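In the text below, chain A, chain B and the rest are named by the order of the sequence lines, each starting its count at 1. What you are looking at is a predicted structure, and each value in this text was computed from that prediction instead of being measured.
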Protein chains: 2
Amino acid sequence: MNQLDQAFAALADPTRRGIVVHLARGEASVSDLVGLFHLTQPTISSHLKVLEAAGLISRRRVAQLRPCKLETERLKAVTDWLEQVQEIWEGNYKRLDALLAELKQTQKEERKK
Amino acid sequence: MNQLDQAFAALADPTRRGIVVHLARGEASVSDLVGLFHLTQPTISSHLKVLEAAGLISRRRVAQLRPCKLETERLKAVTDWLEQVQEIWEGNYKRLDALLAELKQTQKEERKK
DNA sequence: CGTCTATATAGATAGTTGTCAATATACAAA
DNA sequence: TTTGTATATTGACAACTATCTATATAGACG
């Protein structure tokens, strides 16, 4: 699995997206996050493992706490891929628009005859 | 599974992302797409089913052909989610920046005394 | 030391996924 | 109607996922 695969797969779970949204507001410990969902601590820990493996979060050590932090560069890599697709698509439209403009011009010139 | 779940999950596979990139350039039939990957036709058909269920593509009927078209609105919904997260994160930084600016000001004023 | 708190790991289970070969369906064309 | 071409469906298999309970580890604090 490459990085984009892992990032998209990680974001395909609503619990993990919830974690991401929460971490966008700032660091949080595992137990903070457990408090947000009706899921057990091991389940949350496993979701965090997935997010970390995908490069979407990182973790520090503070005594027994393991504060989690959002890694926005990886999030940006995902957005970048989507925007590239959008650009190809729009390029397509640009080409189509140019084609239609050309057609219109041709029709106008034909009317002159 | 909700729409975002399905869209992210659909995009988590490299073959499906390849299909999306190809369709960004314009419509393509199933056999066009089969030609792009070293996978069997049923496998490509199953990927297309996933993309269609996720609302990322749509299909027409033209004789025996089933041209596939990218649905950019759904792609945009995914981008929107990512941008919202980014905005929360940046809002965070803005608040932090404001805090640091305030701190600097306080220190400056303390030096005057 | 023993105990409490925070987190990780292990093992089980039910459900989902990606892939294939084989077969079925839908339409076209001879 | 027979044949050919494009696509879908079926059934199988191995791999992976989300979740749980139970248990282990790591550090803080008495």
B:S31 side chain near D:dT7 phosphate (N/O to OP1/OP2, under 4.0 Å): yes
A:E71 with A:K69: basic N within carboxylate O range, under 4.0 Å: yes
Euclidean distance, atom CG of residue A:L39 to atom C1' of D:dT21 [Å, nearest integer]: 14 Å
Protein-nucleotide distance (B:L33, atom CG; D:dA8, atom C1'), rounded to Å: 15 Å
Candidate pair B:T79 and B:E83, rule side chain to side chain donor-acceptor pair (under 3.5 Å), full reasoning: CA-CA 6 Å; B:T79 310; B:E83 280 171 1; over 6 Å; no
Atom-pair distance (CG on B:L11; P on C:dT17), nearest Å: 14 Å
Side chain to side chain contact (heavy atoms under 4.5 Å, CB included) evaluation trace for B:V20 with A:W81: CA-CA 11 Å; B:V20 165; A:W81 184 87; 3.8 Å; yes
Whole angstrom value for the distance that separates C1' of C:dT16 from CD of B:Q6: 13 Å
Comparing A:T40 and B:S29 on DNA chain D - which has the more 5′ nearest nucleotide: B:S29
Side-chain ion pair, A:D80 and A:K76, N-O less than 4.0 Å: yes
DNA chain C contacts among residues 41-66 of chain B, heavy-atom distance under 4.0 Å: B:P42, B:T43, B:S46, B:H47, B:R61, B:A63, B:Q64
Nearest listed nucleotide, side chain of A:V30, among C:dA8, D:dT7, C:dG18: C:dA8
Interatomic distance, B:D5 CG vs C:dT16 P [rounded to whole Å]: 13 Å
Gap between atoms CG and C1', on A:D13 and C:dT17 respectively (whole Å): 15 Å
Which atom of A:R16 lies closest to which atom of A:A9, heavy atoms considered: NH2-O, 3.3 Å
Closest approach of A:L39 to A:V34 (non-hydrogen atoms, all atoms of both residues): O-CG1, 3.9 Å
